[in-house]
A.B. asks: 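Right, I'll just put the structure down here and ask away after.
A note on names: the letters A, B, ... follow the listed sequences, proteins ahead of strands, and every chain is numbered from 1. Computed from a predicted model, the values in this text were never measured in an experiment.
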Number of protein chains: 2
Amino acid sequence: MKNTETVYTSPISCRECRMNTLCIPLSLRSDELYKLDQLIHRGTPLQARQAVFYSGDKFTSIYAVRSGSIKQFCVDDDGREQVTGFYLPGELFGWDGLAENHYQNTAVALETTSVCEIPFDQLEQLGASIPSIQRHVMRLISREISSDHKLIALLAGHSAHQRLASLLLSFSDRLAQQKLSSTRFRLPMSRGEISNYLGLTVETVSRAFSHFQRMNYLIVNKKEIELVDIPGLELLISNTGDSE
Amino acid sequence: MKNTETVYTSPISCRECRMNTLCIPLSLRSDELYKLDQLIHRGTPLQARQAVFYSGDKFTSIYAVRSGSIKQFCVDDDGREQVTGFYLPGELFGWDGLAENHYQNTAVALETTSVCEIPFDQLEQLGASIPSIQRHVMRLISREISSDHKLIALLAGHSAHQRLASLLLSFSDRLAQQKLSSTRFRLPMSRGEISNYLGLTVETVSRAFSHFQRMNYLIVNKKEIELVDIPGLELLISNTGDSE
DNA sequence: AGCGGTTATTGATTGAGGTGAACCGCGCCG
DNA sequence: CGGCGCGGTTCACCTCAATCAATAACCGCT
């Protein structure tokens, strides 16, 4: 029934997964959940820097992060890498491959990470018979679009300080959704990855961190962050970074 | 069956629509195409500035541009407008409403424009019985994600000149897909809308146009554009606009 | 036609952030 | 243990695009 049940960490079913409220339809009958559960592959954990898929690979599955974190990036025509997203436990990635049947991005683990693989054609079949799954899948894709739009707005209309503040608050929120501390956390990615994502240079990101610390918005120690004035950061973001 | 069949322009069926190769599954049996055709509403043409839907409206349908053009924008927390896309004939928009069951963007006509409205729940039902439609819908959503990623890469890693050149070439390509001239065309949007989309100011966009004209990349007269050196513009874009 | 408001272009100036370089701390491995 | 490379921070400098400002062109009105 289930393949290779060798226990690496805890290849637990969706039912017991801490993240299930995030990635799975809320209202699913027990038998439906079972079917969904059946088609999910839970492989061995990935090492840091290890890829889930490469840009150009044939599209087969979408993925959910169970623990750890994922960086997704594409390489455009002139060879420049562009980070398009960071994914935390409970979040899904890999949708971009659907259009052309090949992944447009590469996804790599930022640290030791385990992911659930959901073969797309099987998910599609299941969706055809269980409408609530079908709709949920669409929702998830659409959510990706919304978050891309937020990033576009961030890049198009906000200063370096606002961009970094926004990233930190986004992490804070998403960690809170995992019932983790929203004020003390460890950023899984390097300064270079942050700066690329935010359309800045490493130096600027570094300066912004130092600035925030001087302004008592936060305490930063390498990748460890403690947010001490979240309202202050929120204010900073909303303070008219116009540009029309 | 069909409501208000009053002929304004040409509420023609998908079968005769010039755009059908762009928005509709290529391989659809005659009876399937008929069913799809049946559920599409073709309303009266929109005037310039008229909205298709507003941010916050309940999500009901997705839309295809039949003629004219559409601007989509969202308003973020601090009240700033951000243009997230321009849509030309044969292109679909409105996907972002799916996640939260409310549109996150507002869509307005940039000129006299006619759109096809496709009620989403009916499309979903049809998709459940015709797999190729289901898959095509997913593809279209995924395509939106890919194009958002391109915009993100553009905003995060490219100069003002590169951004404008990129927009112009994108228009050129998309017009070619409509079998229209890829070198002479009219931009349907204002400088302000362009600058907002590209994360620049109007002045910078205006200067970039003038610069391109001086450099003999193009001839610009208000909104009329003639591209005279497309390879030159392409080169400009790829010339290492690094920023990591 | 003539007016008033929006939209576009151009110029002069400023400033945010990029560039290049130096420096530190840390882990890696010979 | 010592040299090296890498990631991160800081500094001085400079550039590109934002800002401020003035003017011109182009609407849509009555």
A.B. asks: Please enumerate all residues that pass ring pair (Phe, Tyr, Trp, His ring centres under 6.0 Å) together with A:Tyr217, with sequence neighbours excluded.
C.D. replies: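 Listed in chain order: A:Phe212.
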A.B. asks: Would you check if A:Leu46 and A:Val52 make a side-chain contact, meaning some heavy-atom pair closer than 4.5 Å?
C.D. replies: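 In contact.
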A.B. asks: With the side chain counted from C-beta on, respond yes when B:Ile40 and B:Glu117 share a heavy-atom pair under 4.5 Å apart, and no when they do not.
C.D. replies: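 They are not in contact (no side-chain heavy atoms under 4.5 Å apart), so the answer is no.
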A.B. asks: Expected output is a numbered-order residue list: members of residues 163-170 of chain A with a heavy atom under 4.0 Å from any atom of DNA chain D. What is it?
C.D. replies: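 DNA chain D contact set from residues 163-170 of chain A: none.
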A.B. asks: Please state how far atom CD in B:Glu224 lies from atom P in D:dC26, giving the value in whole angstrom units.
C.D. replies: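 Rounding to the nearest Å, CD of B:Glu224 and P of D:dC26 are 13 Å apart.
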A.B. asks: Is the centre of the B:Tyr63 ring less than 6.0 Å from the centre of the B:Phe53 ring?
C.D. replies: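 Yes, the ring of B:Tyr63 comes within the 6.0 Å limit of the ring of B:Phe53, centre to centre.
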A.B. asks: Is the terminal nitrogen or CZ of B:Arg191 (NZ for Lys, CZ for Arg) located under 6.0 angstrom from the six-membered ring centre of B:Phe209 and within 45° of that ring's axis?
C.D. replies: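 Verdict for B:Phe209: a cation-pi partner in B:Arg191.
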A.B. asks: How many whole angstroms separate atom CD of B:Gln162 from atom P of D:dC16?
C.D. replies: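 Distance check: B:Gln162 CD to D:dC16 P gives 12 Å.
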A.B. asks: Return the set of residues passing ring pair (Phe, Tyr, Trp, His ring centres under 6.0 Å) with B:Tyr197 (not counting sequence neighbours), or none when no residue passes.
C.D. replies: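 With sequence neighbours excluded, B:Tyr197 shows a ring pair (Phe, Tyr, Trp, His ring centres under 6.0 Å) to B:Phe86, given in chain and number order.
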A.B. asks: In whole Å, I'd like the distance from the NE2 atom of A:His211 to the P atom of C:dG17.
C.D. replies: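 Answer to the nearest Å: 10 Å.
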A.B. asks: Closest heavy-atom contact between A:Leu164 and A:Val205?
C.D. replies: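 For A:Leu164 versus A:Val205, the nearest heavy atoms are CD2-O, 4.0 Å.
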A.B. asks: Axis-to-axis angle across the helix from C:dA1-D:dT30 to C:dG30-D:dC1, five pairs an end, to 10 degrees?
C.D. replies: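 Overall, the helix from C:dA1-D:dT30 to C:dG30-D:dC1 bends by 40° from one end axis to the other.
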A.B. asks: Could you check how far NE2 of A:His158 sits from C1' of D:dA17, rounded to whole Å?
C.D. replies: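 So the two atoms are 18 Å apart, to the nearest Å.
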A.B. asks: Round to a whole Å and report the spacing from CD of A:Glu193 to P of D:dC6.
C.D. replies: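 It works out to 15 Å between those atoms.
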A.B. asks: Is the closest side-chain heavy-atom distance between A:Gln82 and B:Ile152 below 4.5 Å?
C.D. replies: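 A side-chain contact exists here, since the closest heavy-atom pair is under 4.5 Å.
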A.B. asks: In terms of side-chain geometry, is the basic nitrogen of B:Lys223 or B:Glu193 positioned less than 4.0 Å from the acidic oxygen of its partner?
C.D. replies: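 Salt bridge flag = no for B:Glu193 with B:Lys223.
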A.B. asks: Please collect all side-chain hydrogen bond (donor to acceptor under 3.5 Å, both in side chains) contacts where either partner lies in residues 140-157 of chain B, sequence neighbours excluded, each pair once.
C.D. replies: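 Counting only pairs at least two positions apart or across chains, the side-chain hydrogen bond (donor to acceptor under 3.5 Å, both in side chains) contacts touching residues 140-157 of chain B are A:Asn105-B:His149, A:Asp148-B:His149, A:His149-B:Asp148, B:Tyr87-B:Glu144.
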A.B. asks: For the pair B:Phe185 and B:Phe171, name the ring-plane relationship: parallel under 30°, tilted 30 to 60°, perpendicular over 60°.
C.D. replies: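 Geometry flag for B:Phe171 against B:Phe185: parallel rings.
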A.B. asks: Round to the nearest Å and state the distance from A:Leu187 atom CG to D:dG8 atom C1'.
C.D. replies: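 Rounded to whole Å, this separation is 14 Å.
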A.B. asks: Return the value, rounded to whole Å, for the distance between atom CG of A:Asn221 and atom P of D:dG7.
C.D. replies: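 Roughly 18 Å, once rounded to whole Å.
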A.B. asks: Distances under 3.5 Å between protein N/O atoms and the N/O atoms of nucleotides 7-10 of chain C, please, pair by pair.
C.D. replies:
unit_1, atom_1, unit_2, atom_2, d
C:dA8, OP1, B:Arg191, N, 2.9
C:dA8, OP2, B:Arg191, N, 3.3
C:dT9, OP1, B:Arg191, NH2, 3.1
C:dT9, OP2, B:Arg191, NE, 2.8
C:dT9, OP2, B:Ser206, OG, 3.0
C:dT9, O5', B:Ser206, OG, 3.1
C:dT10, OP2, B:Ser210, OG, 2.3

